[in-house]
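Let me begin by presenting the structure, written as structure tokens, before commenting on it.
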Amino acid sequence: MICTLCPRKCNAQRSESSGGGFCRMGTNPVIARVAPHFGEEPCISGANGSGTIFFSGCTLGCVYCQNYEISSLHRGREITPQELADCYKRLEEQNVHNINLVTADHFAPAVVKSFEIYKPKIPIVYNCSGYTSPKILNMLDGIVDIYLPDFKYSNNELALKYSLAPNYVETATVAIKEMLFQVGFPQFDDRQMMQKGIIVRHLILPSHTKNSMEVLDILKKNYGNQILVSLMGQYIPMGNANKYEKINRKITRREYQKVKDYYMMLGFDGFTQELDSADRKYVPDWDF
């Protein structure tokens with residue numbers, strides 16, 4: 001296929017097992033881990049875990065990526081859409097609360113095909129960077145119940161510097177509006193497990209509290225109280241972060257509190273993290 005899936009529109013040639021675009025992936029999914037995951041927001045992980053499938057490769061190039069082994073080094077195992085559908089079945093049999101697809105944008109056609117083979121009876125969570133095109137979201141309409149997009153940056157200069165992502169702000173803003181149109185306001189069952197809706201995640205970067213506060217302004221202006229917002233303090237300098245002095249450390253308690261106070265002042269409903277979450281022990285083990 002000639003790929004125009006993600007906002008980059010590489011027009012790269014992709015076969016089942018190889019590709020020349022930004023993601024450097026073929027069209028068949030490559031996965032790094034399939035297992036119940038307990039590190040998501042409480043209404044996603046619950047007591048039984050979120051049935052999480054981590055996909056290798058990415059449409060972003062975040063220099064600080066905690067999952068750089070799979071996002072940048074592309075470690076993982078190639079599977080077919082049928083095998084991906086089988087993963088849903090195995091996870092569902094483990095009584096997880098949902099099926100959680102992490103960083104699957106570049107495999108969207110195969111993901112759609114997998115759900116044509118088997119559609120679980122539990123909610124489908126789509127966990128993405130926010131740098132997602134309308135083309136991909138249109139494909140997922142009617143399949144995804146819960147969107148977990150990031151909103152990383154308030155300006156495109158930072159997005160280009162740290163994630164190699166032009167037009168990030170506009171792209172993420174439009175993407176989340178489409179997600180909201182598809183799934184609507186947050187809905188929960190009697191156990192307070194999320195069934196539909198959006199949780200927008202923002203990771204605070206060291207030395208960039210202004211960026212975080214401006215992101216919160218964008219979210220408040222565009223979506224008000226229609227979404228939940230998860231403020232994340234788990235940043236660890238990984239990947240190539242050591243090449244960038246400003247982000248080559250964890251955030252300080254003062255930085256975190258400054259952003260958290262602003263979050264509370266704006267009146268968001270959602271989640272905040274403890275700073276002890278910034279620990280390498282929370283990075284998943286990739287068993288492929």
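The first residue of the sequence shown is numbered 1, and numbering continues consecutively from there. This structure is a prediction, so every number in the text was calculated from the model and none was measured.
If you run side chain to side chain contact (heavy atoms under 4.5 Å, CB included) between Thr173 and each of Thr171, Val169, Ile176, only Val169 comes through.
The aromatic rings of His37 and Phe54 stand perpendicular to each other, their planes meeting at an angle above 60°, with 30° marking the opposite boundary.
Between Ile236 and Gln66, some side-chain heavy-atom pair lies under the 4.5 Å cut-off. Within the 4.5 Å cutoff, the side chain of Lys119 has heavy atoms near those of the Ile124 side chain. Residues Glu170 and Asn156 meet the side-chain proximity criterion, which asks for heavy atoms closer than 4.5 Å.
When all heavy atoms are compared, the tightest approach of Thr4 to Lys135 is OG1-NZ, 2.8 Å.
With hydrogens and angles left out, the side-chain atoms of Tyr147 and Gln182 include a donor and acceptor closer than 3.5 Å. A side-chain donor-acceptor contact under 3.5 Å links Ser17 and Glu78.
Scored by the side-chain contact (heavy atoms from CB on, under 4.5 Å) test, Cys65 finds Cys62, Asn67, Tyr68, Ser71 as partners (sequence neighbours excluded). For the side-chain contact (heavy atoms from CB on, under 4.5 Å) test, residues two or more places apart in sequence or in another chain that qualify with Ser18 are Ser15.
The cluster map of Ile, Leu, Val, Met, Phe, Trp and Tyr, joined by side-chain heavy atoms under 4.5 Å apart, puts Met264 and Leu275 in the same cluster.
The pair Lys260-Glu255 fails the salt-bridge criterion, with no side-chain N (NZ, NE, NH1 or NH2) lying under 4.0 Å from an Asp/Glu carboxylate O.
Between the CE atom in Met179 and the CG atom in Leu140 there is a gap of 8.5 Å [rounded to 0.5 Å]. The CD atom of Glu92 lies 4.5 Å from the CD1 atom of Ile122; values are rounded to the nearest 0.5 Å.
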